[in-house]
Amino acid sequence: MFDGVKFSTFSNVKSKCYIGTKLESTFDDAGNEITVYSKPEEYRFNIQPVTSTSDIQEFGEHSNKMKVAVITNRQKYEGKFKEFDCAYLDGAAPEGESVNGQNANYRVYAVQNQNVIIRVFFMKLTK
């Protein structure tokens, strides 16, 4: 029935995402703050919904609007991401943007460095 079909459950767990670094904000003539982001970079991480009991207790009602990336190469990515960076998850991409961050659908909510991994929590943006 499944002759020739290869199931690789654990070899294709990484999904494409883009993350743009939040830069120094600017202000317009009316004094409104304008958030500025760098050009988003493409990454491939294991990104999942927040489901663990401890994470749900930590983030409370926000946990149902959050995702977490588990980054296994801590040495390469340590210090790379910070809170309020913009993120493009779930197939969103920075293509056709006139301003960096315009199409972002998540933002970095928290970055937790652990023993050998980094966990990056993303909060869904509402527009």
Side-chain angles (χ1 to χ4, degrees):
M1 182 163 110
F2 294 107
D3 203 22
V5 177
K6 182 178 179 182
F7 292 99
S8 54
T9 304
F10 298 108
S11 65
N12 193 16
V13 296
K14 296 185 178 181
S15 42
K16 185 190 306 186
C17 69
Y18 299 86
I19 299 176
T21 303
K22 183 179 183 294
L23 304 174
E24 190 78 26
S25 295
T26 61
F27 294 89
D28 64 10
D29 295 335
N32 298 314
E33 182 179 11
I34 300 170
T35 305
V36 180
Y37 297 100
S38 68
K39 181 176 172 38
E41 293 183 46
E42 182 179 325
Y43 299 97
R44 294 191 69 75
F45 297 132
N46 181 357
I47 301 172
Q48 302 294 324
V50 171
T51 57
S52 75
T53 304
S54 61
D55 291 338
I56 291 171
Q57 287 176 345
E58 181 177 354
F59 298 114
E61 64 185 39
H62 296 299
S63 63
N64 62 350
K65 299 180 284 186
M66 296 179 74
K67 294 197 176 199
V68 61
V70 177
I71 303 171
T72 55
N73 191 343
R74 181 175 173 173
Q75 291 179 336
K76 181 177 180 180
Y77 293 106
E78 191 164 18
K80 179 83 173 157
F81 309 114
K82 62 185 187 307
E83 293 177 0
F84 301 107
D85 288 350
C86 68
Y88 305 73
L89 308 179
D90 302 330
E95 297 163 1
E97 289 183 326
S98 57
V99 176
N100 291 336
Q102 183 177 7
N103 295 340
N105 57 350
Y106 283 82
R107 74 171 170 87
V108 174
Y109 186 78
V111 178
Q112 297 178 345
N113 293 326
Q114 298 179 336
N115 289 340
V116 294
I117 65 168
I118 300 172
R119 293 175 59 202
V120 179
F121 290 87
F122 300 98
M123 173 73 75
K124 178 88 170 149
L125 296 175
T126 55
K127 296 192 182 203

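Considering all non-hydrogen atoms of both residues, Leu125 and Ala104 come closest at CD1-O, 3.7 Å. Nearest heavy-atom pair across Lys82 and Thr21 is NZ-CG2, 2.8 Å. Here the closest heavy-atom approach between residue Asn103 and residue Ala92 is recorded as O-CB, 4.2 Å.
Residues Asn73 and Gln75 have side chains in contact (heavy-atom distance under 4.5 Å, counting atoms from C-beta outward). Side chains of Asn100 and Pro94 form no contact here, defined as non-hydrogen atoms less than 4.5 Å apart. In this structure, the side chains of Ile19 and Asp85 come closer than 4.5 Å at one or more pairs of heavy atoms. By the 4.5 Å heavy-atom criterion applied to side chains, Val120 and Val68 are not counted as neighbours. Contact check for Phe121 versus Val50: side-chain heavy atoms found under the 4.5 Å cut-off. Within the 4.5 Å cutoff, side-chain heavy atoms of Glu42 are placed close to those of Lys16.
Separating the CZ atom in Phe45 from the CG atom in Leu89 is a distance of 10.5 Å, to the nearest 0.5 Å. Atom CD1 of Ile71 sits about 9.5 Å away from atom NZ of Lys14, to the nearest 0.5 Å. Expressed to the nearest 0.5 Å, how far NZ of Lys39 lies from CD of Glu97 amounts to 9.0 Å. Rounding to the nearest 0.5 angstrom, the gap separating the OH atom in Tyr37 from the CD atom in Gln102 is 12.0 Å. The distance from atom CD1 of Ile117 to atom CD of Gln112, rounded to the nearest 0.5 Å, is 9.0 Å. Atom CD in Glu78 sits 5.5 Å away from atom CD1 in Ile118 (nearest 0.5 Å).
If you look at Tyr88 and Tyr43, their ring centroids are not closer than 6.0 Å.
Glu41 has a carboxylate O that lies under 4.0 Å from a charged side-chain N of Lys80, or vice versa, which qualifies the two as a salt bridge.
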Extract all donor-acceptor atom pairs below 3.5 Å that involve side chains of residues 24-34 and protein atoms in other chains or at least two apart in sequence.
from, atom 1, to, atom 2, distance (Å)
Ser25, OG, Lys22, NZ, 3.4
Ser25, OG, Glu33, OE2, 2.8
Asp28, OD1, Ala30, N, 3.1
Asp28, OD1, Gly31, N, 3.1
Asp28, OD1, Asn32, N, 2.7
Asp28, OD2, Asn32, ND2, 3.3

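For Asp90, the side-chain hydrogen bond (donor to acceptor under 3.5 Å, both in side chains) partners at least two apart in sequence or on another chain are Lys67, Tyr106. Among residues two or more places apart in sequence or in another chain, the side-chain hydrogen bond (donor to acceptor under 3.5 Å, both in side chains) test is passed with Glu83 by none.
Under the 3.5 Å distance criterion, the side-chain polar atoms of Arg119 are left unmatched by any main-chain donor or acceptor of Asn113.
Both Tyr77 and Phe122 belong to a single network of hydrophobic side chains, linked directly or stepwise wherever heavy atoms of I, L, V, M, F, W or Y lie under 4.5 Å apart.
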- Query: side chain to side chain contact (heavy atoms under 4.5 Å, CB included) between Lys124 and Met66: does it pass, once the steps are laid out?
  - Reply: CA-CA 6 Å; Lys124 178 88 170 149; Met66 296 179 74; over 6 Å; no

